[in-house]
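Working notes for the structure below.
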Amino acid sequence: MNQVPYDRVKIARDSSRPTGVDYIKNIFKGFIELHGDRRFSDDPAIVGGLAVLNGIPATVIAIEKGHTAKERAARNFGAPGPEGYRKALRLMKQAEKFGRPIICFVDTSGANCGIGAEERGQGQAIAENLMEMTTLCVPIISILIGEGGSGGALALAVADRVWMLQNAVYSVISPEGCASILWKDSAKAETAAASLKLTAEDAKSFGVIEKIISENDIGTVDFYDRIRALLLEEIAELSVDPDLINKRYDRFRRIGVDAIKHQAEVL
Amino acid sequence: MALLNFLKPKNQLEEGGRTAAPVQQDAGEPEKKCPNCHKDIPISRLAANNLVCSCGYHFRMKARQRLHMIADKGTFCELYADMKSGNPLDFSGYSEKLESVRKISDEEEAVICGIAKIGKQKCCIFVMESTFMMGSMGSVVGEKITLLFEYATEHHLPVVGFTVSGGARMQEGLLSLMQMAKTSAAVKRHSDAGLLYIAMLTDPTTGGVTASFAMEADIILAEPSATIGFAGARVIEQTTKKALPKGFQTSEFVMEHGFIDGIYHRNNQKKLLTILLRMHNGGKGNESSTL
Ligand SMILES: [Zn+2]
């Protein structure tokens, strides 16, 4: 089968794929959900709380899309509003206070696009997460499990390690959105998907992610065991790194530098 | 409150119009139609009033003009001017687009960075350029903003920034998206060093720039009636199939909802920035300051 990038987008969006909560339940033990942003409400699109990873208490945060039509509607289709990002930040700061690692599962077509979200500062909420996450002094690992849609995904992915499932996608804009802006034709999404370089391999080549997780056994016990083992190994390493914050800074600092030409070279 | 007198919108054009004899209009002088009051305004009169119509409408301003308006005469020293965008994704049509907008905008990229004095106080300054792909943020914009904040942190200087942006630049894909994290990290280091950052949001400030450095300042200000938001209004309308409230995503709307500190007429911005910098000891943070 000859896959084009847009096929990956379709796979990433498939409602039968494991969702955030599936990962939490199968990788961790004893999940206790903690609700609410303490400011306005509890966003159903983001699930967060405490869980145990082979004896280690951790803070886990997942964007949840739901599987059935009913679940998806109840989860706002996995499009978090400002409340969701503020809840996530609250839980991350709590993790920092108690010295717990943070693991995020990211799966969203984008942050909630609505009147209420704008009224309550969607842009400000994302900005605050980006800024605060850069200096949280505990390990952060983010795994993109489906769609990594723009700032709404990045707001949970300013991490020490970012991994992607083999068929997950990560993009600055949806292929449909890109096609409709550039070519006034959302039907050209396939072309846009190819142009945007949104596959896991692309993200790795840009240095945006460290690891691609194979999906051959997705949803099986082996699959979740494998991810648990990867997390344990990485957390053990990150937890003793005295230079964690500086390395996180440098991780993002270098991205895009190679894309820049200096006048002298151009001439 | 003599100190705050200047905060009342002062419109040079309006004052001139009230006291002076009717201006003899040269028939040949080019005019611009104001989209707010629909009057035709001679370009020279607009230019004399920082491109603000007598009705209060703020026309968009080029970054160099803004620098001229804000920085003390002869103090601006540009940094990182030699950086140009490549086409890292080989995105179809992007190289040609860059070539054409370089000509249209007369700039190499969508942000100008440098050091200047405002009211005799040294600061780092960035001004975004709307005519360069609507101020979109790609690798060069992200790198220049980041370098500026790093420079400011190293030299204990405040940062004053004027934003105008449609958001992240699609044609650089994920690299553009990551600039949001990169600039935010640099702003955080600057902030943690106890240094002042003032952002002035101008029309339009949206998308990935709103969701990063525009909303991360200690003091966030805006020009009147600028569009400020995250998602595009048309997209929201299509997604929600609801009519948008009146004045949705304007400076006034964003202030009413608590996300900016104030709205300032262009003619008052330099005075305000001068006072704010002075009240923060030139933006240098902790040392005691005397006014
Ligand atoms: Zn007017």
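The figures here come from the full heavy-atom set of this structure, side chains too, leaving out hydrogens, waters and symmetry mates. The chains referred to below are lettered A, B, ... by the order of the sequence lines, with proteins before strands, and numbering in each begins at 1.
Checked for salt-bridge contact, A:R253 and B:E143 meet the test: a charged N lies under 4.0 Å from a carboxylate O.
Contact record, B:M215 with A:A127: CB-CB, 4.0 Å, taken as the closest heavy-atom pair. In plain terms, the two heavy atoms of A:C178 and B:F91 that are nearest each other are SG-CZ, 4.1 Å. Of all non-hydrogen atoms in B:L177 and A:G151, the two that sit nearest each other are CD1-N, 3.5 Å. Shown here for A:E119 and B:F259, the closest heavy-atom pair between the two residues is O-CE1, 3.4 Å. Summarising the geometry of A:I260 relative to B:S139, their closest heavy-atom pair is CD1-O, 3.7 Å, with the distance given to 0.1 Å. Of all the heavy atoms in B:S212 and A:L130, the pair that sits closest is CB-CD1, 4.3 Å.
Of the inter-residue distances, the one linking A:Q124 atom CD with B:I228 atom CD1 reads 13.0 Å to the nearest 0.5 angstrom. How far CG of B:L175 is from CG of A:D202: 10.0 Å, rounded to the nearest 0.5 Å. Atom NE2 of A:H262 and atom OH of B:Y80 lie 11.5 Å apart (nearest 0.5 Å). One distance of note links OG of A:S180 with CZ of B:R234; it measures 8.5 Å at 0.5 Å rounding. Note that CZ of A:F206 and CG of B:L89 are 4.0 Å apart. Values are rounded to the nearest 0.5 Å. To the nearest 0.5 angstrom, B:K188 atom NZ is 4.5 Å from A:E132 atom CD.
Highest contact tally toward chain B, considering only A:V172, A:N129, A:D258, is held by A:V172 [criterion: heavy-atom pairs under 4.5 Å]. Taking A:V257, A:L198, A:T135, A:I173 one by one and counting their heavy-atom pairs under 4.5 Å with chain B, the maximum is reached by A:T135. By number of non-hydrogen pairs under 4.5 angstrom with chain B, the leading residue of A:V158, A:T191, A:N112, A:L182 is A:L182. Taking B:S176, B:A214, B:A186, B:A81 one by one and counting their heavy-atom pairs under 4.5 Å with chain A, the maximum is reached by B:A186. For chain A, the option among B:M178, B:M180, B:E150, B:R189 with the highest count of heavy-atom pairs below 4.5 Å is B:R189. Comparing B:T240, B:V140, B:V209 by heavy-atom pairs within less than 4.5 Å of chain A, the highest count is held by B:V140. When each of B:A168, B:P245, B:A231 is scored by its heavy-atom pairs under 4.5 Å with chain A, the top score falls to B:A231. The residue among B:R169, B:E216, B:K242, B:E237 with the most heavy atom pairs within less than 4.5 Å of chain A is B:E216. Across B:G173, B:S191, B:G232, the residue that shares the most heavy-atom pairs under 4.5 angstrom with chain A is B:G173.
Looking at A:R251, neither its backbone nor its side chain comes within 4.5 Å of chain B, counting heavy atoms on both sides. The part of A:S171 that comes within reach of chain B is its backbone (N, CA, C, O), which places non-hydrogen atoms under 4.5 angstrom from that chain. Within the 4.5 angstrom heavy-atom criterion, only side-chain atoms of A:I181, from C-beta onward, approach chain B. Of the atoms belonging to A:I115, heavy atoms from both backbone and side chain fall under 4.5 Å from chain B. Neither the backbone nor the side chain of A:A117 comes within less than 4.5 Å of any heavy atom of chain B. Using a 4.5 Å cut-off between heavy atoms, B:E108 contacts chain A through its side chain alone, with no backbone atom that close. The part of A:L154 that comes within reach of chain B is its side chain, from C-beta onward, which places non-hydrogen atoms under 4.5 angstrom from that chain. Of the atoms belonging to B:Q171, it is side-chain heavy atoms, and not backbone ones, that fall under 4.5 Å from chain A.
With A:K197 contributing its side chain and B:L174 its backbone, the two residues share no donor-acceptor pair below 3.5 Å.
With contacts defined as side-chain heavy-atom distances shorter than 4.5 Å, the pair A:R254/B:K182 does not qualify. At least one side-chain heavy atom of B:Q249 sits less than 4.5 Å from a side-chain heavy atom of A:E118. Contact annotation: the side chain of B:F230 never approaches that of A:P82 to less than 4.5 Å [non-hydrogen atoms, C-beta and beyond].
The 12-atom threshold is not exceeded at NZ of B:K97, counting heavy atoms of other residues, nucleotides or ligands nearer than 6.0 Å. Heavy-atom contacts from other residues, nucleotides or ligands closer than 6.0 Å to CG of A:D250 number more than 12.
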